Number of protein chains: 2
Amino acid sequence: MIAPEDQDVVSALEGPPRAPLPASSRDKILDVAEALFARRGYAGVGLREVAEQVGLGKSSLFHHFRSKAELYLAVLLRVFERIDERVRPSFEAGGPPEERLDRSVDALIDALAEHPTTARLLLRGLFEDDDLPDRASAALAEAERALEKLVGGMLGLLREGIESGAFRSASPGHVLQTLVGAVVYHFASGEFGEGMIGAPLFSQGAVRRRKDEVKQLLLRGLSAPPAPALRTGGPS
Amino acid sequence: MIAPEDQDVVSALEGPPRAPLPASSRDKILDVAEALFARRGYAGVGLREVAEQVGLGKSSLFHHFRSKAELYLAVLLRVFERIDERVRPSFEAGGPPEERLDRSVDALIDALAEHPTTARLLLRGLFEDDDLPDRASAALAEAERALEKLVGGMLGLLREGIESGAFRSASPGHVLQTLVGAVVYHFASGEFGEGMIGAPLFSQGAVRRRKDEVKQLLLRGLSAPPAPALRTGGPS
DNA sequence: GTCTATATCACGATAGAC
DNA sequence: GTCTATCGTGATATAGAC
């Protein structure tokens with residue numbers, strides 16, 4: 001392990017510094033592609049535009065990624081990993097269900113607020129039927145399975161809370177769908193969402209506020225009775 | 001007003017029947033395009049594919065829509081209108097805020113569940129930065145303003161409920177973002193969402209269940225104290 | 001209104017020099 | 001590892017006959 005204070009020295013000997021990126025071409029391509037794919041999706045982005053913004057010729061991209069699909073895949077994988085890294089420890093740590101849920105929501109929102117592209121790419125990864133070539137599509141499916149382990153953990157946490165009586169009886173799947181929608185949609189909602197809350201979505205204050213509002217709604221919504229009167233079902 | 005039983009007679013005199021569609025070419029194009037755009041987005045769909053599925057030559061499309069952008073716009077407008085039609089009367093009708101909110105959620109979910117394409121297109125319309133030509137982009141912005149009137153009404157309803165004490169103190173914008181995320185994301189979430197709730201998203205039972213689960217969470221979440229203990233903020 | 005061309009352009013990807 | 005040049009394809013859109 002390398003002590004943080006020694007990194008500059010070490011990197012002077014071993015290579016470029018890690019955190020403040022001069023950034024390899026590969027990383028630069030990924031960054032540019034991430035921003036573009038988030039805005040316009042897989043089909044909406046041309047490699048020419050990527051190359052231009054990176055400052056390379058189009059052909060040079062193919063030395064780093066064999067195809068457009070592979071580039072897209074690499075972008076999505078990086079996003080999934082960032083999310084997993086942030087959220088997993090927060091709900092794997094112990095404590096009563098309310099606290100673990102509370103912490104997990106914080107972590108998930110932090111993960112989505114870290115880069116303005118994250119929520120949009122996650123959303124695209126989840127609901128978009130891109131026609132990727134078979135191999136890339138399979139790799140993506142596998143990456144989503146990693147996310148599903150995260151989902152499985154969250155579902156377990158909710159089930160546990162319900163069984164222990166900490167939460168009222170509810171469908172863990174529906175609750176989780178609501179949570180995901182509430183946070184992923186929110187940070188993907190761009191100008192529309194900013195009009196709704198009257199502030200930039202990614203400002204520090206707005207992020208903290210979002211955490212509080214979501215947790216209030218969720219934890220109150222999951223708390224045991226008294227239940228308000230509800231019309232059930234309604235017109236199909 | 002025309003009695004339903006007389007429609008066949010009337011339409012035999014006046015034109016094709018209204019409900020059971022032999023469908024004009026224009027409507028057929030819109031239907032096909034809606035399905036495709038919902039799945040793969042604006043850039044991901046080629047007019048060739050649309051024409052094939054409609055059963056026309058590619059060029060014939062341009063007699064009904066001047067450009068691809070105009071076709072996309074027409075699809076989105078139809079979707080927005082369908083939503084507006086369904087939801088507006090439900091919250092404009094009177095009653096106490098809880099009831100109006102209850103009915104509005106039912107109506108919104110009914111609108112999204114009506115066609116499997118609706119939620120995805122709405123989502124795309126809200127967050128996607130398609131590069132449409134300026135004129136189409138402006139028209140879309142105007143259409144979104146119509147939706148914003150709906151949003152404004154919902155915000156007013158929430159504010160009213162909060163001021164009257166029916167709901168606890170909360171940010172109407174954040175609550176509405178949560179509601180929209182909870183329902184629009186849900187019905188756009190495809191296979192991922194189906195894995196989450198363990199059923200087809202659009203089956204009658206699943207739709208009814210979604211209504212109940214969302215309303216439980218929302219109305220309980222908005223009910224007045226007692227409040228569970230909450231960690232506020234968390235790491236930024 | 002639908003068709004058969006066709007124009008024009010951008011795309012993803014490859015070849016091969018440096 | 002980056003470049004120039006190019007291939008082949010499919011895109012949107014137009015022209016004009018029927």
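Values in this document were obtained by computation on a predicted structure and should not be read as measured data. Within every chain, numbering begins at 1; the chains are lettered A, B, ... in the order of the sequence lines, protein sequences first and strands thereafter.
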*asked:* Regarding A:D84 and A:K149, does a basic nitrogen lie under 4.0 Å from an acidic carboxylate oxygen?
replied: no

Collect all protein-nucleotide pairs involving nucleotides 14-18 of chain C in which both atoms are nitrogen or oxygen and the distance is under 3.5 Å.
from	atom 1	to	atom 2	distance (Å)
C:dT14	O4	A:S59	OG	2.8

*Starting at atom CG of B:L61, determine the distance to atom P of D:dA15, rounded to an integer number of angstrom.*
17 Å

*asked:* If the condition is side chain to side chain contact (heavy atoms under 4.5 Å, CB included), which residues does B:A43 pass it with, not counting sequence neighbours?
replied: A:A43

*Which whole-number value in Å describes the distance from B:L132 CG to D:dT12 C1'?*
14 Å

_Please tell me if B:S60 has a side-chain N or O lying less than 4.0 Å from either OP1 or OP2 of C:dC3._
yes

*asked:* Quick check on contacts: within residues 46-57 of chain A, what sits under 4.0 Å from DNA chain D by heavy-atom distance?
replied: A:L56, A:G57

*State plainly whether the residues A:K211 and A:D110 are in salt-bridge range, i.e. N to O under 4.0 Å.*
yes

*Sorted by first residue and then second, give each salt bridge (Lys or Arg N to Asp or Glu O under 4.0 Å) pair with at least one member in residues 40-52 of chain A; sequence neighbours left out.*
A:R40-A:E49, A:R40-B:D131, A:R48-A:E52

*Whole Å only: how far is the CD atom of B:E70 from the C1' atom of D:dT12?*
14 Å

*Check whether the ring centres of B:Y42 and B:Y72 lie less than 6.0 Å apart, and answer yes or no.*
yes

*d(CD1, B:I29; P, D:dT12) in whole Å*: 14 Å

*Figure out the NE2/C1' separation between B:H64 and D:dA13, and round it to whole Å.*
16 Å

Only pairs under 3.5 Å count here: list side-chain donor-acceptor contacts from residues 196-203 of chain B, not counting sequence neighbours, and write none if there are none.
from	atom 1	to	atom 2	distance (Å)
B:S203	OG	B:P200	O	3.4
B:S203	OG	B:A206	N	3.2

*From the options D:dA13, C:dA13, C:dG1, select the nucleotide whose nearest atom is closest to the side chain of A:K68.*
C:dA13

*Pairs touching residues 54-66 of chain A that satisfy salt bridge (Lys or Arg N to Asp or Glu O under 4.0 Å), sequence neighbours left out*: A:R66-A:E70

*Are any of the side-chain nitrogens in A:R124 or B:E128 under 4.0 Å away from the carboxylate oxygens of its partner?*
yes

